[in-house]
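In what follows, a structure is listed as structure tokens, so that the remarks can point back to it.
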Amino acid sequence: MTDETTGWTGGRNTFGDFAPGLVHYTDRVLFDEVWERPELSKRDRSLVTVAALLAGGNVEQLRFHLAFARDNGATEGELIEAITHLAFYAGWPKAMSAMAMAKEVFGAG
């Protein structure tokens, strides 16, 4: 599988030739196709993604997606508020872990 035509290269940058299938699905399918669908803005996709990652306890993936959400138009205040709101639905420990990651990503500590 070659990805020369892809616009997104995060998978390739992370895994190179180590996991070509995962690179393909990450770069070509997820980011070049799914993230480009017009039914949701990138900002909204980012908020949904942050919520899903928090709910699943996938804190390490939040490092990228919190910054990506900010790049996609979500403000730090909105992301902090989303994490706070999610504490009541996804669990306090998950929200506390996510907030610690947000603090790190946003350079607040």
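As the structure is a prediction and not an experimental result, all values here were calculated from the model.
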Exercise. Heavy atoms only: give me the nearest Ala69-Val50 pair and the separation to one decimal.
Key: CB-CG2, 4.4 Å
Quiz item: Is the number of heavy atoms from other residues, nucleotides or ligands under 6.0 Å of Asn13 CG greater than 12?
Solution: yes
Practice problem: Over all heavy atoms of both residues, which pair between Ala98 and Leu66 is shortest? Give the atoms and the distance, please. | Solution: O-CD1, 4.4 Å
Self-check item: Between OG on residue Ser41 and CG on residue Leu47, distance to nearest 0.5 Å
Solution: 8.0 Å
Quiz item: Taking 4.0 angstrom as the limit, do Arg28 and Glu33 come out as a salt bridge?
Solution: no
Quiz item: With a 4.5 Å heavy-atom cut-off, do Asn72 and Arg45 have their side chains touching?
Solution: no
Quiz item: Between Trp35 and Phe31, how do the two ring planes meet: parallel, tilted or perpendicular, split at 30° and 60°?
Solution: parallel
Quiz item: About how many Å separate CH2 of Trp92 and CE of Met99, when rounded to the nearest 0.5 Å?
Solution: 9.0 Å
Quiz prompt | hydrophobic_cluster_shared for Met96 and Ile83, side chain cutoff 4.5 Å | solution = no
Quiz item: With under 30° as parallel and over 60° as perpendicular, where do the rings of His85 and Tyr89 fit, or are they tilted in between?
Solution: tilted
Quiz item: Quick check, are the ring centers of Trp8 and Phe68 under 6.0 angstrom apart?
Solution: yes
Practice problem: Search all heavy atoms of Gly16 against all heavy atoms of Val23 and return the closest pair with its distance. | Solution: O-CG2, 3.6 Å
Self-check item: Nearest-0.5 Å distance that lies between atom NE2 in His65 and atom CG in Asn58
Solution: 10.0 Å
Quiz item: CD of Glu78 to CZ of Arg70: how many Å apart, nearest 0.5 Å?
Solution: 13.0 Å
Quiz item: Do Arg12 and Asp17 sit within salt-bridge range, that is, some charged N less than 4.0 Å from a carboxylate O?
Solution: yes
Exercise. Provide the closest heavy-atom pair for Ala95 versus Leu54 in the form atom of the first, atom of the second, distance.
Key: CA-CD1, 4.1 Å
Exercise. Hey, could you give me the CG/OH distance between Leu30 and Tyr25, rounded to the nearest 0.5 Å?
Key: 12.5 Å
Quiz item: Does the side chain of Phe106 come within less than 4.5 Å of Ile80's, by heavy atoms?
Solution: yes
Quiz item: Any donor and acceptor pair, going by atom type alone, linking the side chain of Lys94 with main-chain N or O of Ala55 inside 3.5 Å?
Solution: yes
Quiz item: Do Val34 and Val48 share a hydrophobic cluster, counting only Ile, Leu, Val, Met, Phe, Trp and Tyr and linking them when any side-chain heavy atoms are less than 4.5 Å apart?
Solution: no
Quiz prompt | Separation of Asp32 CG from Thr9 OG1 (nearest 0.5 Å) | solution = 9.0 Å
